[in-house]
Amino acid sequence: MKVNPNQTKYSYMLENNKNHMNYTALSFGDRVITYEELHDRIQKYARILTKKGIKKGDVIAVNALNTPESVFLLYALDIIGAIVVGLNPFEKKEKIKLDLEMTRPKYVITTDLSYSTVKDYEKALDFSSILYSPVESIDDIKIRFGYKVMQLLKGNFKLNRDSNLMRIINSTNADDVVLNFNSYENGDLTDIMFTGGSTGTHKGVDLSGPGLNSVIEGMKYIYDDDFFEGQTYLGNIPFGHMTYGRCILHVALTNNMNYALTLKAMPEDFYDEIVRTNAYAAVGGPPHWQSLIKKTDNGFEISDKLKKNSLTNLHLATSGGEAKKREQNNAINKALEFCGSPTVLGDGLGATEAWSVVSLNSGNLYKDDTIGVPISTLDYKLIDPLTGEEVEKGNKGLLYISGDTVMLGYHNNQEETDKVISYDENGKKWCNLGDYLQEDNGYLKYIGRQKRNHVCGVENIYPEQLEEVLNAIPEIRETVVTFVPDDELQYTPVYHISLNDEHTIDTQLLEKKIRKTVLSQFSESWLPSHINYYNEPLKRMINTKLDIGFYQNIDEENNNYKEKPKVLKK
């Protein structure tokens, strides 16, 4: 069914759901919510929040976990036309303060679990807090009581009854409130999400709701019309503060699926949650999918916890957040096959600046060693950064995209916006995502991030390509490649290598193998000026991406290793 995406997120969802109101929309533990109940609750929340004084254009920060109440809340604010700021409930207080200072919300609606990260800023930043519990939908009285006692002991509560969301919802009579079902006007700001990734500057991204609808429309040609309908999508990716999670939530609910909410979002829980929910579709970062395998002296093998034919209903498996590693990817596909899944692990390219999905390597258009094809609602071109012109077919270039999914700009930051947004001679808006890609018969191959790309001598070094080659060496668990300044060569690579077993590996022999492996595919410019070895897995951020900035800081703390040169190049 073709639905016009140029409307609010809620109206777009409602139009897609109107003939499926008896389907299951959400499940959370033993609780099951139909689409009819979902829309009743969302509209009730919208009337009550309107009566509380929230109106179109108000900035409302939401600090949410994956529970039914969070779903009701986000879509209710969309009906009203409030601007939703996505806060990360697991973020440090100092970072939350920066988010609040940047956006200046009227209210912060937060789980009580996360209240401690915002309560010290209420008076200084002039906002009010409304709290709710992530266990509201859990029927087990002992769990709810124990949770409430724990939050009381931690000070995560407010005595004012008007500061408790569920008391407001249950005690307010708002039947007299007539919902206007906010109509979208072109250029309206509806959401502010945050980005910065592993190497960039922290920024707020201004987004429009129809942009997210456009992403959903743009994905449809990759799958059959009824691919998702009535099936279960595992709801493990945070949707309160991540565009990727928000997109998956919207995919599920606009395709009449059961979105199986879970608070168990860590890699160690991933397999069990797919099995428990009998998920038809599941998404995770590389660490989630790597939990299906284990590394041995002979490479990667299927994890002992997997049971044969336990994932026969899993028809869509997608990895996001960072590039897949080839050897691990092959092992994961063998694990999926062992578990009876008819699919292989797909991926793609995403960006907060485009509501998360730019290209998909999945469904009917899957192709090995690519990031798939761009979604149909985006235009794209690959640009030579030196000339500003499109590259010839098959050459590497920076990805520029155009379409309704593209951000409005960086929040209150015209300088950063102007760095990535440009207009062509016809007035068409383009956004430089900062990724080097290469086109191959309509499919895109990922080369690397522009910010991570450096010149050594006269050669461009793409660290993601180098990391993939190094990670294939059996002794190496994972790698981050950084760069340090060099008076003669501009920059030289530094390898940060996590070893599978530091105490049994002869690093001298390993470095000979590294040299041979690197030179089999690249020139000497790709060899390191220094290597740091680690016995533990490399540090990751809250969103599971490798923390590149952490290792860049190590380089600086070591004064760029000026007194400790390596000899691999000789």
Side-chain angles (χ1 to χ4, degrees), residues 23-29 32 66 216 219-220 222-239 244-245 247-294 300-321 324-325 328-348 350 356-357 360-368 371-372 544:
Y23 280 32
T24 297
L26 302 174
S27 57
F28 186 61
V32 175
N66 285 23
I216 308 306
M219 294 169 59
K220 287 185 175 180
I222 297 175
Y223 309 103
D224 297 331
D225 288 342
D226 59 352
F227 181 77
F228 289 118
E229 189 173 294
Q231 303 293 344
T232 296
Y233 212 132
L234 179 63
N236 60 311
I237 303 297
F239 56 71
Y244 195 25
C247 181
I248 295 165
L249 170 69
H250 209 47
V251 166
L253 295 183
T254 57
N255 280 280
N256 306 299
M257 298 186 77
N258 166 24
Y259 197 60
L261 295 159
T262 177
L263 296 177
K264 293 184 176 180
M266 301 305 292
E268 58 266 26
D269 302 313
F270 189 54
Y271 168 72
D272 291 336
E273 288 299 278
I274 298 175
V275 172
R276 180 186 67 82
T277 60
N278 194 30
Y280 186 85
V283 173
H288 290 85
W289 294 107
Q290 289 163 16
S291 69
L292 304 186
I293 58 177
K294 62 180 181 180
F300 291 97
E301 295 181 0
I302 298 170
S303 171
D304 295 333
K305 69 180 179 181
L306 301 191
K307 296 181 180 179
K308 195 170 182 63
N309 296 326
S310 56
L311 301 177
T312 54
N313 196 46
L314 184 65
H315 283 67
L316 179 67
T318 308
S319 179
K324 296 184 298 183
K325 300 172 177 66
Q328 293 178 351
N329 184 64
N330 292 337
I332 291 167
N333 284 335
K334 290 180 180 178
L336 291 173
E337 183 180 6
F338 171 80
C339 293
S341 172
T343 192
V344 294
L345 184 61
D347 60 356
S356 81
V357 179
L360 278 174
N361 187 33
S362 182
N364 299 327
L365 296 174
Y366 177 86
K367 185 176 181 180
D368 282 336
I371 55 170
T544 77

Pairing residues for Asn329 by the side chain to side chain donor-acceptor pair (under 3.5 Å) criterion, not counting sequence neighbours: Lys324

All heavy atoms of Gly235 vs all of Asn66, minimum pair found to be O-ND2, 3.0 Å

Those residues that, when tested against Phe300, pass ring-ring contact (aromatic ring centres under 6.0 Å, His included) (two or more places apart): none

Inter-residue atom distance Tyr259.OH - Leu234.CG, 0.5 Å rounding: 7.5 Å

Atom pair CG (Leu365) and CD1 (Ile222), whose distance is rounded to the nearest 0.5 Å: 6.0 Å

Not counting sequence neighbours, which residues clear side-chain contact (heavy atoms from CB on, under 4.5 Å) with Thr312? List them please. Asn309

May I have all residue pairs that pass side chain to side chain donor-acceptor pair (under 3.5 Å) and include part of residues 269-280, sequence neighbours excluded? Thr262-Glu273, Tyr271-Ser310, Glu273-Arg276

Does Lys305 NZ have over 12 foreign heavy atoms under 6.0 Å away? yes

How close do Lys334 and Ile302 get, counting heavy atoms only, and between which atoms? O-CD1, 4.0 Å

Can you give me every donor-acceptor pair (side chain of residues 336-344, partner residue at least two apart or in another chain, under 3.5 Å) with its distance?
| unit_1 | atom_1 | unit_2 | atom_2 | d |
| --- | --- | --- | --- | --- |
| Ser341 | OG | Leu314 | O | 2.6 |
| Ser341 | OG | Thr343 | N | 3.4 |
| Thr343 | OG1 | His315 | O | 3.4 |

Please report the shortest heavy-atom distance between Thr232 and Ala260, naming the atom on each side. CG2-CB, 3.7 Å

Just checking, any donor-acceptor pair under 3.5 angstrom between side chains of Tyr366 and Asp368? yes

Take Phe228 and Val251 through the test side-chain contact (heavy atoms from CB on, under 4.5 Å) and record every step on the way to the result. CA-CA 9 Å; Phe228 289 118; Val251 166; 4.3 Å; yes

Closest non-hydrogen contact found for Met219 with Tyr223 is O-CD1, 3.6 Å

From CG (Asn236) to CD1 (Ile274), nearest 0.5 Å: 7.5 Å

For Tyr233 against Ile248, the heavy-atom pair lying closest together: CE2-CG2, 3.5 Å

Distance check, rounded to the nearest 0.5 Å: Leu311 atom CG versus Leu306 atom CG? 7.5 Å

Looking at Val357, Asn255, Leu253, which hits side-chain contact (heavy atoms from CB on, under 4.5 Å) with Ile216? Asn255

Between side-chain atoms of residues 287-294 and protein atoms elsewhere (two or more places apart, or another chain), which donor-acceptor pairs fall under 3.5 Å?
| unit_1 | atom_1 | unit_2 | atom_2 | d |
| --- | --- | --- | --- | --- |
| His288 | ND1 | Gly285 | N | 3.1 |
| His288 | NE2 | Ala265 | O | 2.8 |
| Trp289 | NE1 | Gly284 | O | 3.4 |
| Trp289 | NE1 | Thr318 | O | 2.9 |
| Gln290 | NE2 | Gln328 | OE1 | 2.8 |
| Ser291 | OG | Pro267 | O | 3.3 |
| Ser291 | OG | His288 | O | 2.4 |
| Lys294 | NZ | Asp304 | OD1 | 2.9 |
| Lys294 | NZ | Asp304 | OD2 | 3.1 |

So, does Asn258 use its side chain to make a donor-acceptor pair with the main chain of Gly230 at under 3.5 Å? no

Taking the side chain as C-beta and beyond, is there a heavy-atom pair between Tyr244 and Leu249 under 4.5 Å? no

